[in-house]
Amino acid sequence: MTKNKDLAKEHQMMDCLSRIRNMQPEVWAVKLADRITNLQSPPPHWNKQKRIEYQDESKTILTELNSGNIFLAKRLEGKIVDYKKYINI
């Protein structure tokens, strides 16, 4: 599930998600759970733009993998909404 650093940054996440979609649903669930866990308070050195980009990337993960595990998709959706508090500070 590692991003391919040989690709341009803007293509890395979609490449990673494309590879995940070719795997069994349990792998999809791991990626969803990983992002749920990572949507905690962002590192203090992240500026507003970085926090927005991280939330947007989270939305992409949700869109691409939501059918892999409905329970985890709903949890991620809620975490994405909650993450707005870190953007509007």
Side-chain angles (χ1 to χ4, degrees):
M1 293 192 299
T2 303
K3 294 178 186 172
N4 182 349
K5 300 295 184 182
D6 293 333
L7 297 174
K9 185 162 178 61
E10 63 269 13
H11 299 293
Q12 290 176 6
M13 179 55 71
M14 285 307 296
D15 172 70
C16 178
L17 294 174
S18 175
R19 287 184 281 119
I20 290 170
R21 283 193 315 268
N22 288 319
M23 297 178 184
Q24 62 270 32
E26 292 84 0
V27 177
W28 299 30
V30 169
K31 183 64 177 177
L32 290 167
D34 178 62
R35 186 50 63 114
I36 289 166
T37 300
N38 290 340
L39 279 173
Q40 307 295 324
S41 176
H45 64 276
W46 281 13
N47 62 25
K48 184 175 183 174
Q49 184 59 39
K50 173 65 176 170
R51 294 189 303 265
I52 291 169
E53 290 169 3
Y54 198 73
Q55 185 186 46
D56 288 344
E57 187 177 85
S58 300
K59 291 175 185 176
T60 300
I61 292 168
L62 178 61
T63 298
E64 295 296 321
L65 302 179
N66 64 14
S67 63
N69 185 300
I70 302 303
F71 174 77
L72 291 175
K74 289 286 186 195
R75 296 247 347 246
L76 179 55
E77 184 176 30
K79 288 289 221 169
I80 290 168
V81 170
D82 291 345
Y83 198 76
K84 285 182 184 179
K85 66 185 171 194
Y86 300 116
I87 293 171
N88 297 323
I89 56 174

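Side chains included, hydrogens not; waters and symmetry mates left out as well; all remaining heavy atoms used.
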Item to check | OH-CZ distance between Tyr83 and Arg35, expressed to the nearest 0.5 angstrom | outcome: 8.5 Å
For residues 67-79, dump all side-chain donor-acceptor pairs below 3.5 Å to protein atoms at least two apart in sequence or in another chain.
from  : atom 1 : to    : atom 2 : distance (Å)
Asn69 : OD1    : Phe71 : N      : 3.2
Asn69 : OD1    : Leu72 : N      : 2.8

Item to check | Arg19/Glu64 ion pair, N-O < 4.0 Å | outcome: no
Checklist entry - Does Gln55 use its side chain to pair, donor to acceptor, with the backbone of Ile80 at less than 3.5 Å? => result yes
Item to check | Exercise: identify the closest heavy-atom pair between Leu65 and Arg21 | outcome: CD2-CG, 3.7 Å
Checklist entry - Hey, is the main chain of Ala33 close enough, under 3.5 Å, to the side chain of Thr37 for a donor-acceptor pair? => result yes
Item to check | Rounded distance (nearest 0.5 Å) linking atom CE of Met14 with atom CD1 of Ile61 | outcome: 10.5 Å
Checklist entry - Does Trp28 have Lys31 sitting over its ring (NZ/CZ under 6.0 Å from centre, angle to axis within 45°)? => result no
Next on the checklist: Apply side-chain contact (heavy atoms from CB on, under 4.5 Å) to residues Tyr54 and Asn38 and explain how you reach the verdict.
Outcome noted: CA-CA 10 Å; Tyr54 198 73; Asn38 290 340; 3.1 Å; yes
Checklist outcome for this item: To the nearest 0.5 Å, atom CG of Asp82 lies from atom CD of Gln40 at 10.5 Å
Next on the checklist: Heavy-atom count check: over 12 atoms from other residues, nucleotides or ligands less than 6.0 Å from Lys84 NZ?
Outcome noted: no
Next on the checklist: Donor-acceptor check, side chain of Gln12 to backbone of Lys3, threshold 3.5 angstrom: yes or no?
Outcome noted: no
Checklist entry - Any side-chain heavy-atom pair from Gln49 and Glu53 closer than 4.5 angstrom? => result yes
Item to check | Distance (rounded to the nearest 0.5 Å) between Asp15 CG and Leu7 CG | outcome: 5.0 Å
